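Here the structure is a predicted model, which is why all the values come from computation and not from measurement. In the text below, chain A, chain B and the rest are named by the order of the sequence lines, each starting its count at 1.
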There are 2 protein chains.
Amino acid sequence: MTDAAHGTRTQVAADELRRLIIAGDLAPGQRISERAVGEYLGGTSRTPLREALKVLAAEGLVTLSPNRGATVTALSEREVEEAIEFLIGLESQAADAACEHFTEAQLAEIEHLHDEMHRAFRAQQLMAYFELNQTIHQRIVEAAGNRVLARVYATECARVRRYRYAGNRRHERWERAIAEHDRILEALKARDGALLREMLRAHHRNGWRVARQLVTRELVSTTETER
Amino acid sequence: MTDAAHGTRTQVAADELRRLIIAGDLAPGQRISERAVGEYLGGTSRTPLREALKVLAAEGLVTLSPNRGATVTALSEREVEEAIEFLIGLESQAADAACEHFTEAQLAEIEHLHDEMHRAFRAQQLMAYFELNQTIHQRIVEAAGNRVLARVYATECARVRRYRYAGNRRHERWERAIAEHDRILEALKARDGALLREMLRAHHRNGWRVARQLVTRELVSTTETER
DNA sequence: TGGAGTCGTATTGCATGCAATATTGAAATC
DNA sequence: GATTTCAATATTGCATGCAATACGACTCCA
């Protein structure tokens, strides 16, 4: 189950909990009991678990309340929207530099991921598609050559990942998303930063417009005044 | 000594260590021994300290090596430059929205901070000046109304803070920085997002050009291949 | 002189136990 | 019946102790 069997127990626990949260196996708002997680991980004591929870809290994946324990962070619709606009801004920041700097090897990898993504779509493998999709965006951002940008992008992507995933369950959306990605790849190959920026922006806004509908009644904490 | 006497010991320890690192009282690369910090904080045991160190590591302020302990994160010149370019990108992202959204109250606060900053300059209080300067930039970013953006901006600012501080010790630079800030405020008051963006970008690039000279031989880890 | 091996010490990683706080459920009161 | 009180239980916060790993000094040998 826990394939990440290497590293310290804190590291293993953080990686496993992060995976569970990002993959959506733990619902937003759900309580994370130290003892329960310890047993789940096969007898890990609370000390490394508490350290792992602190790390995840710093990443924004869990929320800690003093003396009251940890819960999976629940984002309001507003907060998800802010995060997505923020991510659009990061990709915009990356677009020009990426078009200027990417190497042939980087382009080849992105094209490969793109083909794989098409394959996942034809095979109707939603999860595989979504993973590949995310990786493509990550690679584009990385191509800009700014490690700080790439790191923050990855972290903030992870935070809102589950809220965006749902959109692709609508088949029309999924189909359009693929088409948008074709144009994104074209803009990249043409090294047209301005065009790439616009393609990416539209892609994400379209995606969220659909995901928001589905997600609002499932995941998003609707109490907007909670914070 | 530790004025932050409230909250859990983990919180207190994290706050105090963060303060020490950001203020520059702990040098980059310096080792942080768990026992030593515990004694410094007046007999705190290692457990909450370890949790605090994990938090700071997630924020990028300290670097943890398994079985080898914690050190204050040392950034290469390249990494600082990437972080500053990233911060410029964040301010660019914020500029348009800030100009569109800021309220009179927000503008009034920024103007007040601006005046205070001038006062600190006239009194040659470098530290107070630098604090006010940072706060102004933070407030501008916050005026954009995106909490994710504001949070990331604050975190990444803190990471590179000490590397930028040095530049203002050059009196010509300090004088010019003030003049640049006057124009930044003008652009903001005119609600001219494009101009504000350019003013901010130039301000930071000018600042780093000077700070880089001073800092390279003091703080920055010159081994560029370390990562 | 230089390098590999070895032992002693210091430090980290983690489990455990206890005190403090929060939560639950039942009894009591209105 | 609804609400408050209070005790029993569960959970978190933190200190301590032990095992494992890393570091430094010393020796030995080429």
Side-chain angles (χ1 to χ4, degrees), chain A residues 1-2 4-18 20-21 26-74 226, chain B residues 1-2 4-18 20-21 26-74 221 223 226:
Chain A
M1 194 69 58
T2 67
H6 62 292
T8 67
R9 306 228 179 208
T10 300
Q11 189 74 33
V12 170
D15 290 346
E16 177 65 6
L17 281 173
R18 192 184 294 110
L20 288 171
I21 294 171
L26 295 174
Q30 182 173 336
R31 187 119 183 291
I32 302 177
S33 154
E34 294 172 3
R35 201 170 48 81
V37 176
E39 289 172 7
Y40 169 77
L41 290 176
T44 305
S45 83
R46 289 172 48 222
T47 304
L49 287 182
R50 289 176 57 78
E51 294 178 4
L53 286 172
K54 284 288 193 300
V55 171
L56 296 176
E59 294 174 9
L61 291 173
V62 311
T63 303
L64 297 177
S65 313
N67 289 317
R68 299 187 51 195
T71 57
V72 178
T73 299
E226 68 185 331
Chain B
M1 195 68 60
T2 65
H6 63 293
T8 66
R9 306 229 179 206
T10 300
Q11 189 74 33
V12 171
D15 289 347
E16 178 64 8
L17 280 174
R18 190 184 295 111
L20 287 171
I21 293 171
L26 295 173
Q30 182 173 336
R31 186 115 185 292
I32 303 177
S33 153
E34 294 172 3
R35 202 169 49 81
V37 175
E39 288 171 9
Y40 169 77
L41 290 175
T44 305
S45 82
R46 288 172 50 220
T47 304
L49 287 183
R50 288 176 57 80
E51 295 177 4
L53 287 173
K54 285 289 195 301
V55 171
L56 296 175
E59 293 174 8
L61 291 173
V62 311
T63 301
L64 297 177
S65 313
N67 289 317
R68 299 187 51 196
T71 57
V72 179
T73 298
S221 70
T223 57
E226 68 184 328

Q) Between Gln30(B) (side chain) and Ala27(B) (backbone), is there a donor-acceptor pair under 3.5 Å? A)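 Present.
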
Q: Assign a letter to each nucleotide of nucleotides 7-14 of chain C from its 5' end: B, base within under 4.0 Å of a protein heavy atom; S, sugar-phosphate only; -, no contact.
A: ----SBBS

Q: Identify, with sequence neighbours excluded, every residue that meets salt bridge (charged side-chain N to carboxylate O under 4.0 Å, His left out) alongside Glu59(A).
A: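 Salt bridge (charged side-chain N to carboxylate O under 4.0 Å, His left out) check on Glu59(A) returns Arg18(A).
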
Q. Does a side-chain heavy-atom distance below 4.5 Å link Leu41(A) with Leu49(A)?
A.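 Yes - at least one pair of side-chain heavy atoms lies under 4.5 Å apart.
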
Q.
For a side-chain contact (heavy atoms from CB on, under 4.5 Å) check, start with the C-alpha distance between Val55(B) and Glu51(B), then their side-chain angles and the critical distance, and finish with the verdict.
A. CA-CA 6 Å; Val55(B) 171; Glu51(B) 295 177 4; 5.8 Å; no

Q: In whole angstrom, give the distance that lies between atom CG of Leu64(B) and atom P of dA22(D).
A: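 After rounding, the reported distance stands at 15 Å.
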
Q. Do any pairs count as a salt bridge (charged side-chain N to carboxylate O under 4.0 Å, His left out) and have a residue in residues 60-72 of chain A, sequence neighbours left out, and if so which ones?
A.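 For residues 60-72 of chain A: none.
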
